[in-house]
Amino acid sequence: MSGLGELDRPESPTGSARDRTASGGRPESAVDSAGRGERESAVDSAGPGQSESAVDSAEPGQLESAFNSTGPGKSEAATGRAASTARRGAVDPVKTLMHRHRELCERAVDPLEIAAGLEAHGVTDRTAARFRHRDVFSLAEEMYARVSRDADTPLPAPPAAPRVRADWVLLTLLPGALCAAAIAAVHLTHGRSRLFAAAAGALAVALALHAALRRGPLSRTDTDRPGPRPGAVSGRTTPWTVWLVAYSLLGNGLLDNALAGGPDTLPTGTADDPWPLTAAPVLALALACAPAAWTAHLLTARARRKIAASRGLEDFATAVRPLLFGVFALFLGALAALLALSGAALGEPAAYTQVLTLGALLFLARLLTTHGFTYAPAVVLTAAATVEAAALATVFASRLSGVGFLATPVETLATTWGVGSVPALTCGAAALALLVHMTRKLARASAHAPPEPAR
């Protein structure tokens, strides 16, 4: 024991000799600072491209090798210093994760915002277990507690609820107003003038809808609301959306004529035409842009409140799922009311099943797109449009010799439930798929968190 006491005295020549032996000719302070600096630089060098599993890989095996490398010929004090240095210099996975998401930690106002950001970057509860935490929220709480802030620097204010602005309110009302004007112009004109009125009206409605989708709650670029993360890939859904809406206008009449052996003429735009146009669904869908924007705004505002009130990711998911279904039901109720009014004004039967399934499909696709989930809407809309096109194609192809069986499925549906059953079943199945997808994706806190600032 007296020998160990002498080791603690720097002026002891015996201690100096042993220190030189343990450190390979360098003083103890140099060994300790070098080991600590190398390990800390190794921690900080773990960039965003490395996985969390790599961070967690520096574990007891490396420490054991550090302990065993001292050898029996070295003193106990040198062995203790080596073990202490190894423990201090061991990789801190949480510190590395904080370094990787430094901006997220610095701007967070509560642990749930960090948890939402980690979730958006693919960190799951299983990943959190490698950081010695039971779930992502527990890991976020430690990161929030460890983030360094100056005492005089106030915490950033929590994200405010999105405001209702006059510009996007007017833009969401514009497609319905222009569509009503176009339909009135078509009914009041004849011949070539009717064709020009229909073309001009369709162009005006398309431009108004494009403007409405670029601002407000249905926009993907509005900086005053949660939205897709920078660099999110946009799905190409416009051609398929146009096809689905055009089918609701012309498809049933064309399919009915095709099953009867026609059509022999082009549509004239009158109700008694052999190929009639059904304008009530299109008018109802155009008018539904306003309730779609209002319900999306409601979802955004309520989801932000639930983020502030929740104490974990599971808590938020449980609270937000009823909100998702409530918003979806609210939109369908508004669309049904608009469809009833449109049918009564135009003197057309209100095809509730067909229009409600199509409206649900388009609303869910847009709602997912505004929150950055673009792949599933693009795939589902493409599949729905392809099925409707294939139904028409098989009827015309069955007129060829030897392939008359191709039209059997469509003829069976049309005979049993009417020609409107084809788009109703197609859009209903597609909307159900997106509804299930929405309950999974939009129940995440990361889907409603404010976008990260651009670097």
Side-chain angles (χ1 to χ4, degrees), residues 171-187 198 201-202 204-206 208-209 212-213 217-218 240-256 267 269-273 276-296 298 325-367 381 384-385 388 414 417-432 434-435:
L171 286 176
T172 54
L173 295 173
L174 191 58
L178 291 178
C179 185
I183 292 175
V186 169
H187 280 80
V205 171
L209 184 61
L213 296 181
L218 297 179
W240 314 116
T241 303
V242 171
W243 168 266
L244 292 172
V245 174
Y247 190 95
S248 68
L249 178 67
L250 300 167
N252 288 340
L254 177 59
L255 182 59
D256 195 20
T270 59
D272 56 351
D273 189 70
L277 302 180
T278 52
V282 178
L283 178 59
L285 291 173
L287 293 172
C289 287
W294 280 104
T295 51
L298 177 64
F325 287 110
V327 165
F328 179 64
L330 185 61
F331 170 77
L332 288 184
L335 178 59
L338 292 173
L339 180 59
L341 292 175
S342 300
L346 299 177
E348 298 178 3
Y352 288 103
T353 304
Q354 177 184 347
V355 180
L356 289 180
T357 53
L358 175 59
L361 173 61
L362 297 180
F363 176 70
L364 292 173
R366 191 62 199 176
L367 202 60
L381 288 176
E388 289 186 352
W417 294 308
V419 291
S421 61
V422 174
L425 290 175
T426 301
C427 295
L432 181 61
L434 282 187
L435 181 62

Which pair of heavy atoms, one from [X] and one from [Y], lies closest together, and at what distance?
X: T353; Y: A424; answer: CG2-CB, 3.8 Å
X: A182; Y: G201; answer: CB-CA, 3.5 Å
X: L209; Y: C289; answer: CD1-SG, 3.4 Å
X: Q354; Y: G420; answer: OE1-CA, 4.0 Å

Would you check if the side chain of [X] reaches a backbone N or O of [Y] as a donor-acceptor pair within less than 3.5 Å?
X: T426; Y: A385; answer: no
X: E348; Y: A279; answer: yes
X: S342; Y: L338; answer: yes

Under 4.5 Å between any side-chain heavy atoms of [X] and [Y], yes or no?
X: Y247; Y: L254; answer: no
X: I183; Y: V282; answer: no
X: L287; Y: C179; answer: no
X: S248; Y: V355; answer: no
X: L335; Y: L285; answer: yes
X: L367; Y: T295; answer: no
X: L213; Y: L171; answer: no
X: L174; Y: L178; answer: yes

Reported [atom1]-to-[atom2] distance for the pair [X] and [Y], which is rounded to 0.5 angstrom:
X: R366; Y: L434; atom1: CZ; atom2: CG; result: 13.5 Å
X: F363; Y: L218; atom1: CZ; atom2: CG; result: 8.0 Å
X: L283; Y: T278; atom1: CG; atom2: OG1; result: 11.5 Å
X: L339; Y: L332; atom1: CG; atom2: CG; result: 11.5 Å
X: C427; Y: L358; atom1: SG; atom2: CG; result: 4.5 Å
X: F325; Y: L435; atom1: CZ; atom2: CG; result: 5.0 Å

**Residue pairs fulfilling ring-ring contact (aromatic ring centres under 6.0 Å, His included) with at least one residue in residues 333-357, sequence neighbours excluded** =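 Output for this query is empty, none listed.
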**Prompt:** Out of L255, L277, V245, which residue meets the side chain to side chain contact (heavy atoms under 4.5 Å, CB included) rule with L250?
**Reply:**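 Exactly one candidate clears the test, L277.
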